[in-house]
2 protein chains.
Amino acid sequence: MDVMADQAVAKRARGLDRAFEILDYLRLRREPANPNEIASQIGAPRSSVYELVGLLLRQGILEHVDGEGRVYLGRKLFFLGNAYEEHYDFTRECDRVLEGLATETRETAQFCMLDGNKYAVVRMREGARPFRISSDIGRPVPIPWTASGRLLIADMSDSEILDFVPREDFRLPDGSWLDPMAFIGEARAAARTGVFTFDSIVDSFTRCFAVAVPGMGRRCIATVCLVAPRDDGVRNHDRYIDALKAAAVRLGSIGIPKP
Amino acid sequence: MDVMADQAVAKRARGLDRAFEILDYLRLRREPANPNEIASQIGAPRSSVYELVGLLLRQGILEHVDGEGRVYLGRKLFFLGNAYEEHYDFTRECDRVLEGLATETRETAQFCMLDGNKYAVVRMREGARPFRISSDIGRPVPIPWTASGRLLIADMSDSEILDFVPREDFRLPDGSWLDPMAFIGEARAAARTGVFTFDSIVDSFTRCFAVAVPGMGRRCIATVCLVAPRDDGVRNHDRYIDALKAAAVRLGSIGIPKP
DNA sequence: TGTGCATGTCCACAATAACAGACATCGAAA
DNA sequence: TTTCGATGTCTGTTATTGTGGACATGCACA
């Protein structure tokens with residue numbers, strides 16, 4: 001019985017969801033933390049977090065790392081991830097393809113997919129340069145910030161895209177606002193050719209080349225990308241695109257799980 | 001109000017525990033399954049499993065794999081496992097060491113640890129033979145069945161060991177019964193030298209060599225092993241042990257997470 | 001010595017999640 | 001055709017659990 005019925009009434013979170021919030025927090029933090037800190041960072045009740053951390057420790061999903069208190073992702077996650085990797089063993093072929101791309105172009109090659117409603121690098125091979133360019137594996141990045149992002153949402157309708165991509169992800173790292181319809185326009189154009197290239201909007205010195213990897217009856221379930229210094233990128237545009245297209249063909253024929 | 005108070009009264013399982021039961025079931029099965037089948041195999045109520053599978057799908061922890069119904073481990077597990085691997089990046093050095101062992105001895109080299117109260121191969125490098133010997137990564141095996149098992153429980157007291165190792169794990173694959181005290185005796189002897197060698201009891205043609213990797217103030221947090229055909233094993237015993245000891249020294253100096 | 005903050009434990013209670021079981025399909029076998 | 005099993009959905013009920021908050025430390029600093 002509440003006067004403000006539509007107000008969010010401090011809903012109780014489900015244990016499972018909280019648990020995976022904890023895991024994701026640790027994953028993104030990439031460093032151990034104690035339950036107290038986890039609770040305050042993810043905005044969850046301390047008592048809940050203490051209980052859940054206890055359960056996850058018992059399961060081997062988390063591990064004590066310190067003398068005391070601090071916990072981090074546990075070995076069982078490693079085993080589970082391993083089983084995933086083995087089942088969809090596209091990773092082997094994928095690494096071979098990236099290896100070929102990286103040696104051929106001397107640029108950093110990446111294999112990217114969606115992770116929920118974000119973009120993430122799944123596999124990477126750094127280029128053969130004195131100063132190498134690289135990204136974190138698995139770190140979620142707003143879709144509109146990336147070249148691949150234009151391709152990965154190719155099969156959605158306009159309204160699906162607008163529902164799928166969080167509103168705030170159209171705010172670019174430099175603070176400027178990317179009009180969602182402009183983004184969709186770029187995505188539509190990219191979908192036609194299966195290629196998208198631009199000067200990266202997450203920094204000021206790289207140029208990104210993304211090519212769609214089709215599969216499972218969809219136009220783009222993943223992308224292969226090159227990340228190059230801008231001048232090299234401009235100079236070698238055609239060569240890079242050709243290399244990526246060949247790589248995408250190779251990757252398109254192996255079994256990649258659908259996003 | 002129950003007449004039989006000490007009887008297990010069909011306890012309701014916790015969602016989190018059920019969820020990880022599901023994940024482990026899929027991991028060990030190493031193949032997709034539909035919720036119905038999962039429920040019957042792990043002995044859980046169908047309605048619960050359907051709900052949990054739904055939640056895990058939303059989290060990206062499970063993925064639909066089929067046209068319909070069947071699910072398997074999802075990409076998020078891959079990312080989580082990746083973060084674990086990166087944090088404890090002993091895997092890199094570990095692989096190098098195993099590579100060295102495998103080329104030097106031409107036998108299959110393994111890096112093993114405890115997974116809960118079981119033994120599991122964490123990394124492996126197959127030997128350079130026409131017929132290679134290998135194991136599944138991450139598959140839990142009863143501790144008493146393995147050479148490494150003798151070493152991995154080195155720091156426990158007798159009663160801790162008896163509590164830790166499930167009673168039924170002393171039943172060997174050939175049906176014979178390994179006396180727990182005999183096992184402990186072997187373990188104590190092995191702990192003194194840090195070495196254990198025997199003709200494998202899980203098959204009839206291999207000989208196993210295990211050497212303890214100490215760390216974190218404990219005598220054995222992991223093992224390095226060679227799995228060889230019996231005749232080769234006998235012939236090269238000393239050479240293999242020496243190689244393993246050198247490998248263990250290298251591994252002991254890198255940061256390995258405690259079990 | 002007192003004050004404040006960070007850490008961890010414990011408890012009681014409402015909210016709700018796990019469960020049993022009914023129901024609805026669908027395809028294959030009889 | 002009926003029957004059966006396998007699959008998935010939807011309830012209502014009740015045992016459980018997530019939560020707020022009290023309590024207990026211990027440490028740093030004034």
Side-chain angles (χ1 to χ4, degrees), chain A residues 1-26 29 31-59 61-72 74 258, chain B residues 1-26 29 31-59 61-72 74 258:
Chain A
M1 187 96 357
D2 47 341
V3 195
M4 28 197 178
D6 66 328
Q7 195 110 310
V9 274
K11 289 267 296 173
R12 238 162 88 138
R14 199 177 249 254
L16 237 183
D17 292 331
R18 282 262 194 255
F20 288 116
E21 255 186 281
I22 292 172
L23 298 183
D24 260 343
Y25 170 71
L26 288 172
R29 177 189 166 106
E31 173 175 310
N34 63 33
N36 234 337
E37 185 163 13
I38 296 173
S40 70
Q41 289 297 318
I42 69 176
R46 292 190 313 129
S47 47
S48 304
V49 172
Y50 271 98
E51 170 157 16
L52 287 170
V53 166
L55 289 175
L56 293 171
L57 284 170
R58 279 206 295 98
Q59 293 274 0
I61 298 292
L62 290 181
E63 280 174 13
H64 274 297
V65 60
D66 261 341
E68 212 42 50
R70 289 148 65 76
V71 298
Y72 195 64
K258 64 169 166 297
Chain B
M1 186 95 1
D2 46 339
V3 195
M4 29 197 179
D6 65 329
Q7 193 109 312
V9 275
K11 290 267 296 174
R12 259 161 80 135
R14 197 178 252 254
L16 238 183
D17 292 332
R18 282 262 193 255
F20 287 117
E21 256 187 281
I22 292 172
L23 297 184
D24 261 344
Y25 171 70
L26 289 172
R29 178 190 166 103
E31 174 176 307
N34 64 31
N36 233 338
E37 184 163 13
I38 296 173
S40 70
Q41 290 297 318
I42 69 175
R46 294 192 312 130
S47 48
S48 304
V49 173
Y50 271 98
E51 171 156 17
L52 287 170
V53 166
L55 288 175
L56 293 170
L57 284 169
R58 279 206 295 99
Q59 294 274 1
I61 299 290
L62 290 182
E63 281 173 13
H64 274 296
V65 58
D66 261 340
E68 212 44 47
R70 289 149 64 76
V71 298
Y72 195 64
K258 64 167 166 297

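Chain identifiers are assigned alphabetically (A, B, ...) following the order of the sequence lines, protein sequences preceding nucleic acid strands; residue numbering begins at 1 within each chain.
Identified under the side-chain hydrogen bond (donor to acceptor under 3.5 Å, both in side chains) test for residues 33-45 of chain A, with sequence neighbours left out: R29(A)-E37(A), N36(A)-R46(A).
Distance check, rounded to the nearest 0.5 Å: CZ of R18(A) to CG of L52(A) gives 8.5 Å. Distance check: D17(A) CG to D24(A) CG gives 11.0 Å after rounding to the nearest 0.5 Å.
In this structure, of dC19(C), dT7(D), dG20(D), it is dT7(D) that holds the atom nearest to the side chain of Y50(B). Side chain of R12(B), nearest nucleotide from dG18(D), dG8(C), dT14(D): dT14(D). Of the candidate nucleotides dG8(D), dT19(D), dC19(C), dG8(D) has the atom lying nearest to any side-chain atom of P35(B).
Scanning all heavy atoms of the two residues, the minimum distance from I38(B) to A33(B) falls at CG1-CB, 3.9 Å. Counting all heavy atoms, side chain and backbone alike, E31(A) lies closest to Y72(A) at N-CE1, 3.3 Å.
Between L52(A) atom CG and dA17(C) atom C1' the separation is 14 Å, expressed in whole Å. Rounded to a whole Å, the CG atom of D17(A) is 9 Å from the P atom of dA17(C). Atom CG of N36(A) and atom P of dG26(D) are 16 Å apart (whole Å). Rounded to whole angstrom, the span from the CZ atom of R14(B) across to the C1' atom of dC19(C) amounts to 16 Å. One atom, CG of N34(A), and another, P of dG26(D), lie 17 Å apart when rounded to the nearest Å. A straight line from CG of L16(A) to P of dT16(C) spans 16 Å, rounded to a whole angstrom. Whole-Å rounding puts the I38(B) CD1 to dA6(D) P distance at 16 Å. Atom CD of E51(B) is separated from atom C1' of dT9(D) by 12 Å (rounded to the nearest Å).
At a cut-off of 3.5 angstrom, counting only N and O atoms as typed in the model, there is no donor on one side facing an acceptor on the other between the side-chain of R18(B) and the base of dA18(C).
For the side-chain contact (heavy atoms from CB on, under 4.5 Å) with I61(A), the lone residue among I22(A), L23(A), L55(A) that qualifies is L23(A).
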*Test log, rule side-chain contact (heavy atoms from CB on, under 4.5 Å), inputs L56(A) and V71(A)*: CA-CA 10 Å; L56(A) 293 171; V71(A) 298; over 6 Å; no
At a cut-off of 3.5 Å, list every protein nitrogen or oxygen paired with a nitrogen or oxygen from nucleotides 21-28 of chain C, distance to 0.1 Å.
none

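Within the nucleic acid shown, A44(B) has no heavy atom closer than 4.0 Å to any nucleic acid atom.
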